[in-house]
Amino acid sequence: MSLLHLIIIAIIQGVTEFLPVSSSGHLILLPQLTGLDDQGQTIDVAVHVGTLFAVILYFWSDVKVASVGVTRLVRGRVDTQGAWLALCLCIATVPVVLFGIVLKITGLDLAMRSVTVIGWTMLIFGLVLYWADQNFPSEKTAPRWSLKDAAIMGVWQALALIPGTSRSGATISGARALGYAREDAAKLAMLMSIPTILGSALVLGLEVIADANVMLARDSAIAAFFAFVAALFALSLMMRLLKSVSFTPYVIYRVILGIILLTIAYT
């Protein structure tokens, strides 16, 4: 795979993983709309690992607190802020795991990888994000995250297994509908991405490990690095912009792209 192709894939994954515009949808569209070769699962794993390291680095203080909390949680103690955060993250991850298993068993995960599906989900969930962002108060903060809210946001996150939905977009929509402020909604969505991306990367990694070779390992390392840089930049930019800008610019992008894709699909 050429260096340019790897960089394009890495930038698309890195930029769109945390912006509410759907990274999986863009990666599926890339070969379908450009004629480029499909990057394959190994490169998908690599760019996901790159974005995983980006969110861990950006939210390192919270990740460290949650990591320490896990050690107390496994001993049955939920008596610290870290243990509570770790428990909420576990609860929020359950729906996406269960829904992912259902999609895998039924084969729907592959059946939904189409321009038509991505066009509709891009459009519909873009409008859902606008509705949630504009019609609910900003009264809750991340430290007030409850188990009930974590479970509800987990269901929203599970919907993002449908290509084009956007994991961060769906989760942020759920958080805004629950009354979380924009920055706090985004922060919780990003923290929820850590176990989700880690789990998906491990599953994909086990599926492709037998096919690993030196050239593919080199390409994977390059893709992971550029995805890390792109994701860190996009994440930093979005979190800064949320101090003064709503999610409307992302909604506009989603609606326009959705209409374009549906036009392509039905003509």
Taking NZ in Lys187 as the centre, count heavy atoms belonging to other residues, nucleotides or ligands within less than 6.0 Å. Is the count above 12? no
Identify the heavy atoms of Ala177 and Ala132 that sit nearest to each other, and give their distance. N-CB, 4.2 Å
Side chain Arg75, main chain Thr71, donor-acceptor under 3.5 Å: yes
Please check if the side chain of Arg254 supplies one atom and the backbone of Met122 the other of a donor-acceptor pair under 3.5 Å. yes
Is any side-chain heavy atom of Leu127 closer than 4.5 Å to one of Ile124? no
Rounded at 0.5 Å granularity, tell me how far NE2 in His5 sits from CD1 in Ile7. 11.5 Å
Quick check: does any side chain N or O of Arg77 sit under 3.5 Å from a backbone N or O of Ala83, one acting as donor and the other as acceptor? no
Closest approach of Ser193 and Phe18, non-hydrogen atoms and distance? OG-CE2, 3.7 Å
Is any side-chain heavy atom of Met112 less than 4.5 Å from a side-chain heavy atom of Thr121? no
Just by distance, do the side chain of Asn135 and the backbone of Trp131 share a donor-acceptor pair under 3.5 Å? yes
If I take atom CG from residue Asp109 and atom CD1 from residue Ile101, how far apart are they, to the nearest 0.5 angstrom? 12.0 Å
Derivation of the side-chain contact (heavy atoms from CB on, under 4.5 Å) call for Val255 and Val251: CA-CA 6 Å; Val255 169; Val251 172; 4.2 Å; yes
Compare every heavy atom of Ala86 with every heavy atom of Gly69, then report the nearest pair and how far apart it is. C-CB, 4.2 Å
Within a 6.0 Å radius of atom CD on Gln134, are there more than 12 heavy atoms belonging to other residues, nucleotides or ligands? yes
Can you tell me how far apart CD1 (Ile56) and CD1 (Ile194) are? Round to the nearest 0.5 Å. 5.0 Å
Applying the 4.5 Å side-chain criterion to the ILVMFWY set and letting contacts propagate, would Leu89 and Val55 be lumped into a single cluster? yes
So, taking the atom named CG in Leu57 and the one named OG in Ser236, what distance separates them when rounded to the nearest 0.5 Å? 8.5 Å
Should Val94 and Phe99 be regarded as members of a common hydrophobic cluster, given that ILVMFWY residues are connected when their side-chain heavy atoms come within less than 4.5 Å of each other, either directly or indirectly? no
Ignoring hydrogens, what is the shortest heavy-atom contact between Ala230 and Ala10? Give both atom names and the distance. CB-O, 4.2 Å
Identify the two heavy atoms, one from Cys90 and one from Leu73, that lie closest to each other, and give their separation to 0.1 Å. SG-CD2, 4.2 Å
Determine, step by step, whether Ile118 and Ile28 satisfy the side-chain contact (heavy atoms from CB on, under 4.5 Å) criterion, reporting the C-alpha distance in whole Å, the side-chain angles of both residues, the deciding distance to 0.1 Å, and the verdict. CA-CA 9 Å; Ile118 296 172; Ile28 292 171; 3.8 Å; yes
Counting C-beta onward and ignoring hydrogens, is there a side-chain heavy-atom pair between Glu17 and His26 closer than 4.5 Å? no
Verify, without hydrogens or angle tests, whether Asp184 (side chain) and Ala142 (backbone) share a donor-acceptor contact under 3.5 angstrom. yes
Min side-chain heavy-atom separation Tyr253-Leu19 under 4.5 Å: no
Show your working on side-chain contact (heavy atoms from CB on, under 4.5 Å) between Arg144 and Asp149 and close with a plain yes or no. CA-CA 10 Å; Arg144 293 177 55 193; Asp149 288 353; over 6 Å; no
Taking Trp84 for its side chain and Trp145 for its backbone only, find out whether a donor-acceptor pair lies under 3.5 Å. yes
Have Ser114 and Thr116 got a donor and an acceptor in their side chains that come within less than 3.5 Å? no
Is any side-chain heavy atom of Ile256 closer than 4.5 Å to one of Ile252? yes
Say whether Leu188 and Val65 are linked into one hydrophobic cluster, either directly or through other cluster members, by side-chain heavy-atom distances under 4.5 angstrom. no
Could you give the distance from CG (Leu98) to OG1 (Thr93), rounded to the nearest 0.5 Å? 11.0 Å
Can you find a heavy atom in the side chain of Arg176 that is under 4.5 Å from one in the side chain of Ile172? yes
Does one hydrophobic cluster hold both Leu235 and Phe225, with members joined at side-chain heavy-atom distances below 4.5 Å? yes
Residue pair Ser138 / Ala181: nearest heavy atoms and the distance that separates them: CB-CA, 3.7 Å
Count I, L, V, M, F, W, Y as connected when their side-chain heavy atoms are under 4.5 Å apart, and connections chain through other members. Are Ile9 and Ile222 then in the same cluster? yes
Please answer whether the main-chain N or O of Ala189 pairs with a side-chain N or O of Arg167 as donor and acceptor at a distance below 3.5 Å. yes
Hey, could you give me the CE/CD distance between Met238 and Glu183, rounded to the nearest 0.5 Å? 10.0 Å
Taking the side chain as every heavy atom from C-beta outward, state whether Phe59 and Met190 have any pair of such atoms under 4.5 Å apart. yes
I'd like to know whether Leu129 forms a side-chain contact (heavy atoms from CB on, under 4.5 Å) with Ser173, so could you lay out the CA-CA distance, the side-chain angles of the two residues, the decisive distance to 0.1 Å, and finally the verdict. CA-CA 5 Å; Leu129 176 60; Ser173 297; 3.4 Å; yes
Verify the neighbour count for atom CZ of Phe228: are there more than 12 heavy atoms of other residues, nucleotides or ligands below 6.0 Å? yes
Return yes if some donor-acceptor pair links the side-chain N/O of Arg72 with the main-chain N/O of Gly76 below 3.5 Å, else return no. no
With side chains defined as the heavy atoms from C-beta onward, is the minimum distance between Ile12 and Leu27 less than 4.5 Å? yes
